[in-house]
> 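Below you will find the structure I want to go over with you.
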Amino acid sequence: MISKQMKKSICMLLVVAMCLTGCGDAASAAGDDKTTLNDLVEWTNSLGSSDQGSGTTNGGVGSDNSGNSNIDKNSEISDNGNKAQVKGEWNKNARPAGKWDGTTKDNKSVGDGFEILFSLQNTWEGGFTANVSIKNTGSKKITKWELTFDYPGEFSDCWNAEKTQSGHTYTFKNVDWNGTIEVGQTAEFGFNGKSDFEGFPETYQLVKTEDGSGNSESATATSAPWGGDSSAPTQTSSPGTGNDPSATVTPGTGNDPNVTADPNAGTTPDDGSGDIGGSDDVSGNVVSGTVKKHGRLKVKGRYIVDKKGKKFLIKGPSTHGIAWFPEFVNKAAFNSCKKWGANTVRLACYSSEGEGYNTDSVWDTIDKGVKAATELGMYVIIDWHILNENKPMMSYDRAKVFFKHFAKKYGKRKNVIWEICNEPNGCEWAADIKPYAKKIIPLIRKYSQNIIVVGTPTWSQDVDVVANDRLTGKYKKNVCYTLHFYAATHKDDLRNRVKTAIGKGLPILCTEFSICEASGAGTLDTSSGNAWISLLRKNGIGYVSWSLCNKDEAASLLLPSCQRTGGFKKSDLSPTGKWVISKWK
């Protein structure tokens, strides 16, 4: 029961508020001010009877004695100045997400034994793509999970989870390949929105089954501040780039997809040195796997060697252009490759503006790929994918921005390798590629001493030409040169040229190959492919295959019918994919 004194105080506050905001003037335009104030008094009086008879208050909205809410289900309600529709079976006890501030891309929620990171991958007029990751911060392995949250808009397709819906309450259940979440690890799923993004969910309900218990437990996670909230984190962007390397990030608040903070400990932003908690992992967990064992790679003579000076054979997949197939850049996808024997993944970022280069979604995808590879203990090649621009200097201005940003961000990581020009073509080594390399290498060296891979002429085939005029002096250290081949097109002639370069001591890394024709299509030639792998392995040359996606072409590692974006089965592999993984062993 609301006391008379409280009702009087509420009335006084309402009158003052109307005077301060000009509501009285607005009301007088429609009718008599006194009538409006009387209505307010009557409404306030009705609050006192909300606990009498059958009337109830729902989420703070006044109800009459018949139990009917004073606000229509389809009317607009205000939430800190943002409006959201209350309709259908929308949970009235949950705060509407509110209008998105247009800049914040990540929001973290912390629960008992788990964390939820909701990340916007891309937005456009009338839709968006989002990724949700569930991190196990408890002490036991999770074997099954089911995540529920409210959202006022509509989702269309989803991946890596089974989606059910009741009104605006959505539930995502694990699929076969991502139900298990080891301690310190994450499971991910994603979906597309059918309308403009309306804001991050405020709470999440996770039903999880822990290893050995056989029982499901339910827990709630609450979001960190976001958007227009004065306590929300901010990130400064540089005009024209969308990603400022010097951007300010508040650690532990969920606005940086590359830094996962422990809510029970002090938070230190990752500087890329791999020294957080004595680990290479941005989340502070000790990395198992290849990087922990072999450390920072380097070029010694014509070989790539590990931290102990032992020869190391790089092998794994390259992505397709990450602007077109970003869904395959994720931890579950890379982990499948790792289980089949891969130790490296290459992230292909096309350099031309019309074919993928931008500083928002594509650069975010690179961050996601580096993070996933790092957590898996894999090496990662950041590839500046020169192709249709022919000459590297044509994109030099963009390359400067690109490599400054990522070298500054990841330069001290032990597992990052730099590929500065994918396939130069229609140009010369001495006149075009070598001068470009002399400009980009010093820029990277300000931040990183890791391996740099330099492209060679004629779609990275003319290694014999480069062997006669390689980089020297300060440009030589920790540098190797690119070889690409497609086995159905490139046979003994190119293999003999590679042998010539090997004989002259040229350090080579094959960062792209397949067993189809050079177009990426056509017939497969496993006989020529076997000859290539034999040559490379015999001479300690690593090899990275094109490409990890389901594009309908012969070079793709996945079948066009494959609907998974991670946790692949061998039945998802194309004939090329099955052959390639046999060479990772």
Side-chain angles (χ1 to χ4, degrees), residues 129 131-134 136 141-147 157-164 172-182 185-192 209 211 288-290 315-320 322 324-348 365 368-369 371-373 375-378 380 513-516 520 524 526 529 533 543-585:
T129 298
N131 186 78
V132 176
S133 65
I134 305 169
N136 183 357
K141 175 171 66 176
I142 295 172
T143 56
K144 292 181 181 179
W145 53 265
E146 187 176 285
L147 187 70
D157 54 315
C158 79
W159 47 92
N160 291 340
E162 296 177 0
K163 176 174 69 72
T164 57
F172 295 87
K173 184 179 179 180
N174 70 268
V175 287
D176 291 341
W177 58 87
N178 66 355
T180 298
I181 312 177
E182 300 287 349
Q185 301 301 310
T186 61
E188 296 182 344
F189 64 90
F191 45 81
N192 289 321
T209 301
D211 188 33
S288 60
T290 305
K315 50 188 178 177
S318 172
T319 68
H320 201 294
I322 57 176
W324 301 304
F325 294 93
E327 64 270 30
F328 296 102
V329 182
N330 66 76
K331 189 174 178 180
F334 296 172
N335 192 42
S336 294
C337 298
K338 178 182 176 180
K339 289 179 179 179
W340 287 325
N343 56 38
T344 303
V345 64
R346 177 184 187 237
L347 306 174
T365 304
K368 184 178 179 181
K371 181 177 185 289
E375 291 180 349
L376 290 167
M378 300 176 75
V380 57
F513 80 94
S514 190
I515 53 173
C516 62
L524 305 183
T526 57
I533 298 301
Y543 44 91
V544 178
S545 58
W546 186 266
S547 66
L548 182 59
C549 73
N550 63 352
K551 184 179 180 182
D552 190 7
E553 65 177 12
S556 299
L557 301 185
L558 301 170
L559 291 168
S561 59
C562 176
Q563 298 300 305
R564 294 185 179 90
T565 58
F568 305 119
K569 299 180 180 180
K570 287 191 176 180
S571 58
D572 295 320
L573 295 171
S574 68
T576 296
K578 290 177 180 178
W579 183 89
V580 165
I581 70 167
S582 73
K583 305 304 178 184
W584 290 345
K585 297 177 181 178

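Because only heavy atoms are used, hydrogens play no part in the values below, and waters and symmetry mates are left out as well, while side chains stay in.
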> Enumerate, atom names and distances included, each donor-acceptor pair closer than 3.5 Å involving a side-chain atom of residues 575-585, sequence neighbours excluded.
unit_1 : atom_1 : unit_2 : atom_2 : d
Thr576 : OG1    : Ala554 : O      : 2.7
Trp579 : NE1    : Asn530 : OD1    : 3.3
Ser582 : OG     : Trp579 : O      : 2.5
Lys583 : NZ     : Asn530 : OD1    : 2.9

> Do Thr290 and Met378 touch side chain to side chain, with heavy atoms closer than 4.5 Å?
no
> Is any side-chain heavy atom of Val345 closer than 4.5 Å to one of Pro317?
yes
> Would you compute the distance between atom CZ of Arg346 and atom CD1 of Ile322 and round it to the nearest 0.5 angstrom?
11.0 Å
> Does Asn330 have any side chain to side chain contact (heavy atoms under 4.5 Å, CB included) partners at least two apart in sequence or in another chain, and if so, which?
Glu188, Ala332, Ala333, Lys368, Thr565
> Once ring pair (Phe, Tyr, Trp, His ring centres under 6.0 Å) is applied, do any residues pair with Phe172, and if so which ones, sequence neighbours excluded?
Phe149, Phe189, Phe191
> Please, which pairs that meet salt bridge (charged side-chain N to carboxylate O under 4.0 Å, His left out) have at least one residue in residues 543-562, sequence neighbours excluded?
Lys551-Glu553
> Can you tell me how far the CG atom of Asp572 sits from the CG atom of Leu558, to the nearest 0.5 Å?
6.5 Å
> Of all residues at least two apart in sequence or in a different chain, which pass the side-chain hydrogen bond (donor to acceptor under 3.5 Å, both in side chains) check with Lys331?
Gln185, Glu375
> Report, as yes or no, whether the 6.0 Å neighbourhood of atom NZ on Lys163 holds more than 12 heavy atoms from other residues, nucleotides or ligands.
yes
> Do the side chains of Pro560 and Asn550 get nearer than 4.5 Å, heavy atoms only?
no
> Verify, without hydrogens or angle tests, whether Thr209 (side chain) and Thr143 (backbone) share a donor-acceptor contact under 3.5 angstrom.
no
> Working to the nearest 0.5 Å, report the span between CG of Leu376 and SG of Cys337.
10.0 Å
> Could you work out, with side-chain hydrogen bond (donor to acceptor under 3.5 Å, both in side chains) as the rule, every residue matching Asn343, not counting sequence neighbours?
none
> Could you tell me which residues satisfy side-chain hydrogen bond (donor to acceptor under 3.5 Å, both in side chains) with Ser133, sequence neighbours excluded, listed by chain and number?
none
> Listed by chain and number, what are the side-chain hydrogen bond (donor to acceptor under 3.5 Å, both in side chains) partners of Asn335, not counting sequence neighbours?
none
> If I compare all heavy atoms of Asn160 with all of Gly566, which pair ends up nearest, and what's the gap?
OD1-N, 4.2 Å
> If I take atom CG from residue Leu557 and atom SG from residue Cys549, how far apart are they, to the nearest 0.5 angstrom?
7.5 Å
> Report the distance from atom OG of Ser318 to atom CZ of Phe513, rounding to the nearest 0.5 Å.
10.5 Å
> Identify the heavy atoms of Cys516 and Ala555 that sit nearest to each other, and give their distance.
SG-CB, 3.7 Å
> How about Asn192 and Trp159: do any of their side-chain heavy atoms sit closer than 4.5 Å?
yes
> Any side-chain to backbone donor/acceptor pair from Asn174 onto Lys144? Under 3.5 Å, distance only.
no
> Applying side chain to side chain contact (heavy atoms under 4.5 Å, CB included), name anything that partners Asn136, two or more places apart in sequence or on another chain.
Ile142, Ile181, Val183
> Enumerate the ring pair (Phe, Tyr, Trp, His ring centres under 6.0 Å) contacts for residues 325-347, please, sequence neighbours excluded, ordered by first and then second residue.
His320-Phe325
> Can you measure from CG (Leu559) to CG (Leu573) and round to the nearest 0.5 angstrom?
7.5 Å
